[in-house]
There are 2 protein chains.
Amino acid sequence: MDPVRPYTEVLDRLKSAGLRPTRQRLALAKLLADSGDRHITAEQLHDEAQRAGVRVSLATVYNTLHQFTAAGLLREVVVEAGRSYFDTNTSNHHHFFHQDRGELVDIPAGAVTVSELPVAPEGSAIESVHVVVRIRDDAN
Amino acid sequence: MDPVRPYTEVLDRLKSAGLRPTRQRLALAKLLADSGDRHITAEQLHDEAQRAGVRVSLATVYNTLHQFTAAGLLREVVVEAGRSYFDTNTSNHHHFFHQDRGELVDIPAGAVTVSELPVAPEGSAIESVHVVVRIRDDAN
DNA sequence: TTTTTTCTTTAGAATTGTTCTAATCTATTG
DNA sequence: CAATAGATTAGAACAATTCTAAAGAAAAAA
Ligand SMILES: [Mn+2]
Ligand SMILES: [Mn+2]
Ligand SMILES: [Zn+2]
Ligand SMILES: [Zn+2]
């Protein structure tokens with residue numbers, strides 16, 4: 001809110017995650033925060049950083065995405081082999097996966113309901129419940 | 001049922017899929033059929049074949065798994081980056097994914113219910129709905 | 001401040017699961 | 001039996017990701 005210190009919020013989040021506010025982390029956090037809800041891969045974020053003139057290595061993008069995920073700032077979503085998406089929306093929600101385009105899209109809250117939850121097998125506890133609705137271009 | 005022609009069923013399935021009943025395909029089909037419901041990776045099936053004395057290359061295991069999947073004899077399930085599971089149960093059902101062990105387990109039919117289905121985005125149609133319940137060893 | 005320590009970034013190598021290539025082999029067809 | 005179409009294979013290639021170890025930057029200590 002204070003135009004003189006535009007990074008205050010991101011700074012606080014990094015601090016409370018025990019992460020030093022480096023140039024690279026601040027820039028990546030800003031790119032992620034400024035773009036609304038998204039589902040982005042490491043390579044995509046790396047490209048985006050390059051285009052924005054931010055010099056950062058792909059290794060650092062991977063490190064940062066995992067650190068942000070561990071800190072609860074991102075959520076990792078896997079729906080196809082060999083590719084991880086990072087979701088800027090960390091709330092519990094489900095996804096459409098558009099198989100023709102390789103695109104993840106949030107399912108609006110309430111549009112899908114898991115009404116009966118299974119009991120976790122003996123000795124284990126449920127950590128998350130995720131519904132993936134695979135869709136294809138309509139054959140109309 | 002006829003002990004003299006134990007491969008009849010597998011043979012028929014291959015034939016109707018337009019696949020030649022080669023030694024490799026018959027052996028892999030048998031391994032998959034004889035072991036009950038399973039969620040197996042290509043490498044695991046390859047190892048199992050080796051141990052059973054079946055000589056088959058990993059490339060052929062991959063080819064065969066994909067052909068069987070295309071023929072509807074298997075279902076491919078992806079829950080973690082960089083690894084595909086092939087499910088011998090092709091009916092519609094959902095999964096526990098045991099994150100500590102990297103193990104997929106069927107959720108019993110009826111133990112989970114998706115009561116409200118989302119409307120597919122304009123121009124697309126729903127192809128499948130899959131619920132993944134991630135579990136962890138209990139912290140008891 | 002300066003020094004020291006700890007954490008971070010990075011290029012490039014390595015790893016993993018998977019797919020591709022193109023030569024050899026085998027099942028089917030005529 | 002050919003002849004042909006299809007299948008198998010070893011090993012190369014690939015793509016996403018992780019690792020390594022050296023150089024750099026931030027924080028803590030002096
Ligand atoms: Mn990861
Ligand atoms: Mn596949
Ligand atoms: Zn999302
Ligand atoms: Zn299953």
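Chain letters run A, B, ... following the sequence lines, proteins first and then strands; every chain starts at 1. Worth saying up front: this structure is predicted, and the values here are computed from it rather than measured.
The backbone N or O of B/N92 lies less than 3.5 Å from no partner atom in the side chain of B/H130, so there is not a single donor-acceptor pair. Proximity of a side-chain donor or acceptor of B/S124 to a complementary backbone N or O of B/A120 within less than 3.5 Å is not detected.
Using a 4.0 Å heavy-atom distance criterion, A/R83 is classed as a sugar-phosphate-only contact. Note on A/T60: a base of the nucleic acid sits closer than 4.0 angstrom, heavy atoms only.
With C/dG17, D/dA7, C/dT6 as the candidates, the nucleotide lying closest to the side chain of B/E43 is C/dG17. Residue B/H66 places its side chain closer to C/dT19 than to any other of C/dT6, D/dT17, C/dT19. Of the candidates D/dT18, C/dT8, D/dT9, D/dT18 carries the atom nearest the A/Y62 side chain, counting heavy atoms from C-beta on. With D/dA7, D/dT9, C/dT10 as the choices, the nucleotide that has an atom nearest any side-chain atom of B/N63 turns out to be D/dT9. Distance from the side chain of A/P21 is smallest for D/dA27 among the nucleotides C/dA11, D/dA27, C/dT18.
If you find the closest nucleotide of DNA chain D to B/V61 and to B/A81, the one lying nearer the 5' end belongs to B/V61. Summary of the strand contacts: A/V56 and B/A42 both lie near DNA chain C, and taking for each the nucleotide with the nearest heavy atom, the more 5' one is attributed to A/V56.
Ionic pairing of B/E127 and A/R134 is not present here: no N-O contact between side-chain nitrogen and carboxylate oxygen is shorter than 4.0 angstrom.
In this structure, the CD atom of A/Q24 is 8 Å from the C1' atom of C/dT8, given to the nearest Å. Rounded to whole angstrom, the span from the CZ atom of A/R25 across to the C1' atom of D/dA26 amounts to 11 Å. Rounded to a whole Å, the CD atom of B/Q67 is 10 Å from the C1' atom of D/dG6.
Under the 4.5 Å side-chain criterion, counting only non-hydrogen atoms from C-beta, A/L58 is in contact with A/E43.
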